Amino acid sequence: QVNLVESGGGSVQAGGSLRLSCAVSGRTSSRYAMGWFRQALGKEREFVAGISWSGGSTTYAESVKGRFTVSRDNAKNTVYLQMSSLKPEDTAAYYCAAREGSGSFYYAYEYKYWGQGTQVTVSS
């Protein structure tokens, strides 16, 4: 079993920055690729960013490319999402997720473990 706990959400004005963290505990000996997803009120959950186990491969949704950066510190069992130049449309609950083995970063069904989410609200 793997437990994921997100933190770092909050309220910020447009143009501001936030850094989300995802602490991984439990069976951390396995190598997990990690993803960040978000879900706005009344909308479907969407992919935001993904990172391989080594951190050598990252990918982003077009809507956040150039503004968000995903990283990880395996020694601390923590994954980060640095969000800059935030826009009101970035308002959502943000979730981290862990995936074993190979597969696509983009699809939620590929991920076995999920955190409880952290809310990000961006005001104009």
Side-chain angles (χ1 to χ4, degrees):
Q1 183 66 27
V2 173
N3 297 310
L4 307 176
V5 179
E6 303 95 336
S7 61
S11 297
V12 64
Q13 288 192 327
S17 299
L18 283 173
R19 188 177 80 157
L20 305 184
S21 298
C22 174
V24 183
S25 62
R27 195 161 56 98
T28 56
S29 59
S30 296
R31 296 189 170 189
Y32 299 101
M34 301 293 294
W36 285 96
F37 289 76
R38 67 186 181 187
Q39 187 167 18
L41 199 62
K43 295 187 176 182
E44 293 188 355
R45 191 168 297 190
E46 64 175 0
F47 170 77
V48 175
I51 186 166
S52 62
W53 159 253
S54 67
S57 177
T58 59
T59 187
Y60 300 90
E62 283 298 322
S63 59
V64 307
K65 200 172 289 185
R67 300 188 298 122
F68 290 12
T69 302
V70 60
S71 62
R72 66 191 300 163
D73 184 339
N74 288 337
K76 296 182 178 179
N77 294 320
T78 303
V79 181
Y80 305 97
L81 184 67
Q82 177 67 47
M83 306 185 295
S84 303
S85 302
L86 283 161
K87 305 175 181 180
E89 50 264 42
D90 294 319
T91 295
Y94 283 71
Y95 301 86
C96 67
R99 190 200 78 209
E100 290 181 288
S102 61
S104 170
F105 283 114
Y106 301 99
Y107 304 112
Y109 65 77
E110 295 271 9
Y111 294 82
K112 184 174 182 179
Y113 303 104
W114 290 83
Q116 83 290 347
T118 186
Q119 179 67 34
V120 171
T121 302
V122 184
S123 58
S124 58

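Everything numeric here is computed off the predicted structure, so don't read it as measured data. The chain is numbered in sequence order, starting from 1. Atoms considered below: every heavy atom in the structure, side chains included; atoms not considered: hydrogens, waters and symmetry mates.
- Annotation: Phe37 is not in aromatic contact with Tyr95 [ring centroid separation under 6.0 Å not met].
- Closest heavy-atom contact between Leu18 and Val12: CD1-CG1, 4.1 Å.
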Donor-acceptor pairs under 3.5 Å, side chain of residues 103-110 to any protein atom, not counting sequence neighbours: which ones?
unit_1, atom_1, unit_2, atom_2, d
Ser104, OG, Tyr106, N, 3.0
Tyr106, OH, Thr59, OG1, 2.6

(request) With side-chain contact (heavy atoms from CB on, under 4.5 Å) as the test, would you mind laying out the steps for Glu100 and Lys112 before giving the verdict? (result) CA-CA 8 Å; Glu100 290 181 288; Lys112 184 174 182 179; 4.1 Å; yes
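- Applying the disulfide (SG to SG under 2.5 Å) rule to pairs touching residues 68-124 yields Cys22-Cys96, sequence neighbours excluded.
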(message) What verdict does the side-chain contact (heavy atoms from CB on, under 4.5 Å) test give for Val48 and Phe68, after you've listed the backbone C-alpha separation in whole Å, the side-chain angles of each residue and the deciding distance to 0.1 Å?
(response) CA-CA 9 Å; Val48 175; Phe68 290 12; 3.7 Å; yes
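- Between the side chain of Asn74 and the backbone N or O of Trp53 there is at least one donor-acceptor pair closer than 3.5 Å.
- Closest heavy-atom contact between Ala40 and Thr91: CB-O, 3.7 Å.
- Both Phe47 and Trp114 belong to a common hydrophobic cluster when Ile, Leu, Val, Met, Phe, Trp and Tyr are linked at side-chain heavy-atom distances under 4.5 angstrom.
- Shortest non-hydrogen contact noted between Met34 and Leu4 is CE-CD2, 4.1 Å.
- Side-chain contact between Asp90 and Met83 is absent, with no heavy-atom pair separated by less than 4.5 Å.
- Across all non-hydrogen atoms, the minimal contact from Arg72 to Tyr32 is NH1-O, 2.9 Å.
- A donor-acceptor pair under 3.5 Å links the side-chain atoms of Tyr60 to the main chain of Val70, judged by distance alone.
- Checked by atom type, the side-chain pair Arg99/Tyr111 shows no donor-acceptor distance below 3.5 Å.
- Looking at Arg19, its side chain never comes within 3.5 Å of a backbone N or O of Gln82 through a donor-acceptor pair.
- With values rounded to the nearest 0.5 angstrom, Ser25 atom OG is found 12.5 Å from Arg27 atom CZ.
- Salt bridge annotation for Glu89-Arg38: absent, with no cationic side-chain nitrogen under 4.0 angstrom from a carboxylate oxygen.
- Both Leu20 and Val64 are assigned to one and the same hydrophobic cluster, defined by single-linkage of ILVMFWY side chains at heavy-atom distances under 4.5 Å.
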(request) Apply side-chain contact (heavy atoms from CB on, under 4.5 Å) to the pair Tyr94 and Glu6, showing each step before the final yes or no. (result) CA-CA 8 Å; Tyr94 283 71; Glu6 303 95 336; over 6 Å; no
Can you give each donor-acceptor pair under 3.5 Å made by side-chain atoms of residues 117-124, sequence neighbours left out, with the distance rounded to 0.1 Å?
unit_1, atom_1, unit_2, atom_2, d
Thr118, OG1, Gly9, N, 3.2
Gln119, NE2, Ala92, O, 3.4

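- Judged by distance alone, the side chain of Thr78 and the main-chain N or O of Lys76 form a donor-acceptor pair under 3.5 Å.
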(request) Test side-chain contact (heavy atoms from CB on, under 4.5 Å) on Ile51 and Trp36 and set out the steps. (result) CA-CA 9 Å; Ile51 186 166; Trp36 285 96; over 6 Å; no
